[in-house]
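Heads up, the thing below is written out as structure tokens.
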Amino acid sequence: MVAPENELLVEISRGPMTESVHRGHIAVVDNGRKLLAFAGNPEFYTFTRSTAKLLQAIPLLEAGGGERFGLTPSETALLCASHGGEPEHAAAALEILRKLGLDESALGCGPQEPMYKPAADAIKRERREPGQLHNNCSGKHAGMLALAKLMNVPIQQYIAPGHPVQQKMLRTVADMCGVPPESITLGTDGCGVPVFAVPLASLAFAYARLGRPDGLSPERAEACRTIIGAIRQAPFYVAGSERFDTRLAELTQGRIIGKMGAEGLYAATVPEKGIGIAVKIEDGAQRAIYPAAAEAMLQLGLLSAEETAQLASFHQPAVNNRRGDQVGIVRPIFRLHRA
């Protein structure tokens, strides 16, 4: 079957009528790089955004940084997080920095109001300003600083594309995705560091290898297992309260580990099956990410009926009016094509 340019993935209905639609692409790949299923164009070229965070944690861990700095599972999960800026998240980021002999001022991610509204409201009530620790990427940046320390290179300008830390991450992401580093288009992510563009199927391949790292070096395979194990043990730290990534890992007891990214990206790994899934909503709509990702998992037989029911608020979110009445629904409407 010839892959279409894109495919209708999610619709938003209001009453009896479809009001809006979101098109996009899905790739399901195993750790032998075989395409198993798809929707739209599985080779769609896109920035990986925060789905790359799990891959960016690999260089620190494969070089022994977890042991060197005494990182706990919660702190390791935070390296991979787009966290909600809850007090526990900020405290964990600060503890990583403390272990490096640094403080919040070393971070280059910029301040951000917590994504978790109760945490943001608490800061406002206390008449405080949100800081860099509240930035959803503070764990990733703390990990980059740790890698700079481990590599014995300056921490100044660690976010610059030419810095040894960023060059190491570029090579690692390229290797995990199975693409040459020079084929990756670099942009700048919301937190100031380089972000990588690869074909969607290559991102799915990286996640398949992350979950089942057959054929990787012993050090890299152990780093991958450490990342998966940390998120299984401390899923709150990869996202937070009322977040899909955390809820998915909790419900499946780590059988599926997923990670959202800005502009409509989602990636997941199923370690026991050696499968990676990558989803791109072409217009970048966040409201369509989780319905599409959950539906893909359901169609692949990866979620039980009970798990699907408990994920209903993500899989088929209600559209409510300001009175709290349900007036519509966000609903996935695609069928995966088997390759």
Side-chain angles (χ1 to χ4, degrees), residues 1-11 21-52 54-55 173-174 176-179 183-185 196-212 214 244-245 248 252 255-303 308 311 314-316 330-339:
M1 177 177 180
V2 177
E5 183 177 345
N6 59 35
E7 200 157 335
L8 188 59
L9 298 184
V10 176
E11 70 174 12
V21 296
H22 298 290
R23 297 178 177 273
H25 315 272
I26 300 173
V28 183
V29 178
D30 69 14
N31 67 339
R33 207 168 191 173
K34 179 182 179 183
L35 180 68
L36 303 177
F38 66 94
N41 178 8
E43 294 297 325
F44 186 78
Y45 191 71
T46 188
F47 284 116
T48 56
R49 301 302 301 265
S50 285
T51 65
L54 279 69
L55 309 178
V173 169
M176 289 295 291
C177 290
V179 300
S183 75
I184 292 179
T185 299
F196 320 100
V198 299
L200 199 62
S202 298
L203 176 60
F205 176 51
Y207 265 69
R209 302 174 89 192
L210 179 70
R212 185 182 285 179
D214 299 347
F244 182 69
D245 295 348
L248 179 68
T252 66
R255 195 179 69 249
I256 307 172
I257 299 292
K259 182 70 189 70
M260 63 79 67
E263 294 298 324
L265 256 293
Y266 200 81
T269 181
V270 190
E272 291 179 4
K273 296 183 178 295
I275 291 174
I277 304 165
V279 179
K280 167 65 178 177
I281 305 301
E282 199 164 300
D283 65 5
Q286 184 173 347
R287 67 177 175 179
I289 299 173
Y290 302 137
E295 178 66 20
M297 295 171 197
L298 180 61
Q299 290 187 30
L300 292 165
L302 301 174
L303 293 173
T308 304
L311 291 170
F314 298 102
H315 180 218
Q316 295 193 15
V330 182
R331 179 170 44 221
I333 56 173
F334 65 90
R335 294 298 302 176
L336 287 174
H337 311 290
R338 302 292 168 156

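Note: hydrogens, waters and symmetry copies are ignored here, and every other heavy atom, side chains too, is used. For the single chain, residues carry numbers from 1 onward in sequence order.
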Please give me the minimum heavy-atom distance between [X] and [Y], naming the atom from each residue.
{"X": "Thr269", "Y": "Gly211", "answer": "OG1-CA, 3.2 Å"}
{"X": "Leu55", "Y": "Ala206", "answer": "CD1-CB, 3.9 Å"}
{"X": "Phe196", "Y": "Val173", "answer": "CE1-CG2, 3.8 Å"}
{"X": "Pro291", "Y": "Val330", "answer": "CG-CG1, 3.9 Å"}
{"X": "Thr51", "Y": "Gly261", "answer": "CG2-N, 3.9 Å"}

Run the side-chain contact (heavy atoms from CB on, under 4.5 Å) test against [X] and tell me which residues pass, sequence neighbours left out.
{"X": "Glu43", "result": "Asn41, Pro199, Ala201"}
{"X": "Glu282", "result": "Asn6, His25, Phe44"}
{"X": "Ile289", "result": "Tyr266, Ile281, Gln286"}

So, do [X] and [Y] sit near enough that their side-chain heavy atoms are less than 4.5 Å apart?
{"X": "Ile275", "Y": "Val29", "result": "no"}
{"X": "Val10", "Y": "Ile333", "result": "no"}
{"X": "Ile257", "Y": "Leu54", "result": "yes"}

How would you list, by chain and number, every residue that makes a side chain to side chain donor-acceptor pair (under 3.5 Å) with [X], sequence neighbours excluded?
{"X": "Thr46", "answer": "none"}
{"X": "Arg335", "answer": "none"}
{"X": "Thr185", "answer": "Tyr45"}

Sequence neighbours excluded, every pair satisfying side-chain hydrogen bond (donor to acceptor under 3.5 Å, both in side chains) that has a member inside residues 287-300
His22-Arg287, Glu295-Gln299, Glu295-His315
I'd like to know if the side chain of [X] reaches the main chain of [Y], judged simply by a donor and an acceptor atom lying under 3.5 Å from each other, with no hydrogens or angles considered.
{"X": "Arg331", "Y": "Gln316", "result": "no"}
{"X": "Tyr207", "Y": "Gly258", "result": "no"}
{"X": "Ser183", "Y": "Val179", "result": "no"}

Going by salt bridge (Lys or Arg N to Asp or Glu O under 4.0 Å), name the pairs with one or both residues in residues 255-277, residues two or more places apart or in two chains.
Arg255-Glu307
Run the side-chain donor-acceptor check on residues 31-40: report pairs under 3.5 Å with partners two or more places apart or on a different chain.
from, atom 1, to, atom 2, distance (Å)
Asn31, ND2, Arg212, O, 3.1
Asn31, ND2, Asp214, OD2, 3.4
Arg33, NH1, Gly178, O, 3.0
Arg33, NH2, Cys177, O, 3.4
Arg33, NH2, Gly178, O, 3.0

From [X] atom [atom1] to [Y] atom [atom2], the distance as rounded to the nearest 0.5 Å:
{"X": "Met297", "Y": "Ile256", "atom1": "CE", "atom2": "CD1", "value": "5.5 Å"}
{"X": "Phe314", "Y": "Asp245", "atom1": "CZ", "atom2": "CG", "value": "9.0 Å"}
{"X": "Leu298", "Y": "Thr308", "atom1": "CG", "atom2": "OG1", "value": "4.5 Å"}

Qualifying residues under salt bridge (charged side-chain N to carboxylate O under 4.0 Å, His left out), relative to Arg49, sequence neighbours excluded:
Asp189
The side-chain contact (heavy atoms from CB on, under 4.5 Å) partner of Thr48 among Leu265, Leu203, Leu200 is Leu203
